[in-house]
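What you see is a predicted model; the values in this text were computed from it and never measured. For the numbers below, each heavy atom of this structure counts, side chains included, while hydrogens, waters and symmetry mates do not.
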Amino acid sequence: MASTSSSLISLATCLVILGNLLAHSTEAARAFFVFGDSLVDNGNNNYLATTARADSPPYGIDYPTHQPTGRFSNGLNIPDIISEHLGAESTLPYLSPALRGQKLLVGSNFASAGIGILNDTGVQFANIIRISQQLEYFQQYQQRLSALVGAAEAKRVVNQALVLITLGGNDFVNNYYLVPFSFRSRQFSLPDYVRYLISEYKKILMRIYELGGRRVLVTGTGPLGCVPAELAQRSRDGSCDPELQRASALFNPQLEKAINQLNSKYRSNVFIAANTGKTHADFISNPQAFGFITSKRACCGQGPYNGLGLCTVASNLCPNRNLYAFWDPFHPSERANRIIVSQFMTGSTEYMNPMNLSTILAMDEST
């Protein structure tokens, strides 16, 4: 009898310890929220009537299931790889029916391919989730989370979460430079347009803060004039298009300046500027140093540099995606995405301002 009592006490003790460990791991699991465009969309557009989608082969050829998921990648995209570093599962698209119950605690991905800072960006894609709608969905998400865990716990989850936002590239390639003499190019000179974009982006970032975001990773644009799609249309000798490069060169420093202003306003390092333009430029200027055979030609596509049209089953397809910096005419390969996220995690202040993600996460864990 004493032996049975002792065993029961030991079992109860083990259950308490296990419960504490599980509670700690749940508490330690940091939620992750994603806003933006096709660089970070992981399947929301699958649920929409739009041409901006990646739910057909060969997209997803190197994903664990080897099936298309809606990610504009041969495999994992940037949010997936950040989730790996967080020790968490990938966030589900907000429109996914599977996003319910405990899955809400992981966070959610609100991104939608084709969108920009401005609501008139990507109009040719018709039914996409513009950034204002993404933020409305974020509010809706918080109501659903509150119903699950209570208002106080929901607020804690959101305040302690990591947020990623990627916007801006489409405002140039799918708006200002989409067609000759576009409405925006007639309305604004390029420097004035960039200033307007930054002023609108600041409003979006302030809204994220109002909605509870306290650690927000903000990416700049890549070298827009160097992607295979632009080389195919604008380059005769494989050199980057100078006008689109000028757009990136104007936008990224002004975005970083705006982020510094917001951090001063909130007296906290809420926003982290990721210099993705420099990261991209590193492997575009010297692809061999990163193990790529080319940074000009997309793995999947057709025409010059495989940069014309969409990536489809009828496209040229490279046999080894790890050797290509670009998967399709606009989007990096999974391996390039891993290089980008590596800089997020450990990059110097040249790449990450005011500090890299590893430093941020370590600081937050110690408080």
Side-chain angles (χ1 to χ4, degrees), residues 31-115 122 125-129 133-134 137 141 162 164-167 169-170 219 298-301 306 309-315 317-322 324-341 344:
F32 183 31
F33 302 108
V34 182
F35 302 92
D37 56 27
S38 60
L39 289 168
V40 292
D41 181 358
N42 67 351
N44 278 309
N45 281 20
N46 292 358
Y47 302 94
L48 304 173
T50 178
T51 55
R53 48 202 301 150
D55 58 346
S56 301
Y59 284 96
I61 189 172
D62 298 310
Y63 193 75
T65 61
H66 305 292
Q67 297 296 317
T69 61
R71 292 163 172 82
F72 286 76
S73 172
N74 58 300
L76 302 182
N77 65 7
I78 286 170
D80 293 320
I81 300 163
I82 291 175
S83 290
E84 285 183 354
H85 283 278
L86 294 175
E89 60 189 275
S90 290
T91 54
L92 288 169
Y94 186 69
L95 298 184
S96 169
L99 184 67
R100 61 182 187 274
Q102 295 299 306
K103 291 288 186 185
L104 289 166
L105 293 168
V106 178
S108 186
N109 187 313
F110 303 90
S112 178
I115 72 136
F125 301 125
N127 190 23
I128 50 181
I129 312 170
Q133 182 64 55
Q134 290 184 29
Y137 280 153
Y141 161 88
L162 178 67
L164 170 68
I165 183 165
T166 295
L167 289 174
N170 282 328
T219 70
C299 168
C300 181
N306 276 347
L310 303 171
C311 169
T312 70
V313 288
S315 299
L317 180 65
C318 67
N320 186 348
R321 275 69 66 184
N322 286 333
Y324 286 71
F326 285 95
W327 155 246
D328 70 8
F330 281 106
H331 304 97
S333 63
E334 177 182 326
R335 186 152 175 278
N337 283 332
R338 289 192 176 278
I339 293 168
I340 293 164
V341 174
F344 289 174

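Here the closest non-hydrogen pair linking Asp55 and Arg53 is OD2-NH2, 2.8 Å. Asp41 and Gly43 make their closest contact through OD1-N, 2.8 Å (heavy atoms, listed as atom of the first residue, atom of the second, distance). A pairwise comparison of heavy atoms in Asn109 and Thr91 identifies CB-OG1, 3.6 Å as the closest pair. The two residues Tyr324 and Ser333 make their nearest non-hydrogen contact at O-OG, 2.7 Å. Leu48 and Ser112 make their closest contact through CD1-OG, 4.3 Å (heavy atoms, listed as atom of the first residue, atom of the second, distance). Scanning both residues, Pro329 and Ala298, for their nearest heavy atoms gives N-CB, 4.0 Å.
Applying the salt bridge (Lys or Arg N to Asp or Glu O under 4.0 Å) test to every pair with at least one member in residues 68-77, sequence neighbours left out, gives these pairs: Arg71-Asp80. Note on residues 92-111: pairs passing salt bridge (Lys or Arg N to Asp or Glu O under 4.0 Å), not counting sequence neighbours, are Glu89-Lys103.
Between Cys299 and Cys318, the SG-SG separation falls below 2.5 Å.
One N or O on the side chain of Gln134 and one on the backbone of Ile129 form a donor-acceptor pair closer than 3.5 Å. In this structure a side-chain-to-backbone donor-acceptor pair under 3.5 Å is missing from Asn45 to Ala54. In this structure a side-chain-to-backbone donor-acceptor pair under 3.5 Å is present from Thr50 to Phe125. Between the side chain of Glu334 and the main chain of Asn74, no donor-acceptor pair closer than 3.5 Å is present.
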Would you sort out whether Val40 and Thr219 count as a side chain to side chain contact (heavy atoms under 4.5 Å, CB included), showing the intermediate values? CA-CA 11 Å; Val40 292; Thr219 70; over 6 Å; no
Take Leu76 and Arg338 through the side chain to side chain contact (heavy atoms under 4.5 Å, CB included) test and state the conclusion after the steps. CA-CA 9 Å; Leu76 302 182; Arg338 289 192 176 278; 3.3 Å; yes
What do the steps show when you test Tyr47 against Ser96 for side chain to side chain contact (heavy atoms under 4.5 Å, CB included), and what is the final call? CA-CA 8 Å; Tyr47 302 94; Ser96 169; 3.6 Å; yes
Starting from the C-alpha separation in whole Å, work towards a yes-or-no answer on side chain to side chain contact (heavy atoms under 4.5 Å, CB included) for Asn306 and Phe326. CA-CA 10 Å; Asn306 276 347; Phe326 285 95; over 6 Å; no
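Contact of the Leu99 side chain with the Leu104 side chain is registered, since non-hydrogen atoms from C-beta on lie closer than 4.5 Å. The shortest side-chain heavy-atom distance between Leu167 and Ile115 falls under the 4.5 Å cut-off.
Interatomic distance, OG of Ser315 versus CG of Leu310, reported as 7.5 Å (0.5 Å rounding). Between the OH atom of Tyr141 and the CZ atom of Phe110 there is a distance of 7.0 Å, given to the nearest 0.5 Å. Arg335 CZ to Asn322 CG: the interatomic distance, rounded to the nearest 0.5 Å, is 6.0 Å. Separating the CZ atom in Phe32 from the CD1 atom in Ile82 is a distance of 4.0 Å, to the nearest 0.5 Å. With rounding to the nearest 0.5 Å, the separation of CG in Asn42 from OG in Ser90 is 7.0 Å. In this structure, CD1 on Ile128 lies 12.0 Å from CG on Asn44, to the nearest 0.5 angstrom.
Aromatic ring centres of Trp327 and Phe72 lie farther apart than the 6.0 Å criterion allows. Checked against the 6.0 Å centroid criterion, the rings of Tyr137 and Tyr94 qualify as a close aromatic pair.
In terms of the salt bridge (charged side-chain N to carboxylate O under 4.0 Å, His left out) criterion, residue partners of Arg321 (sequence neighbours excluded) are, by chain and number, Asp62.
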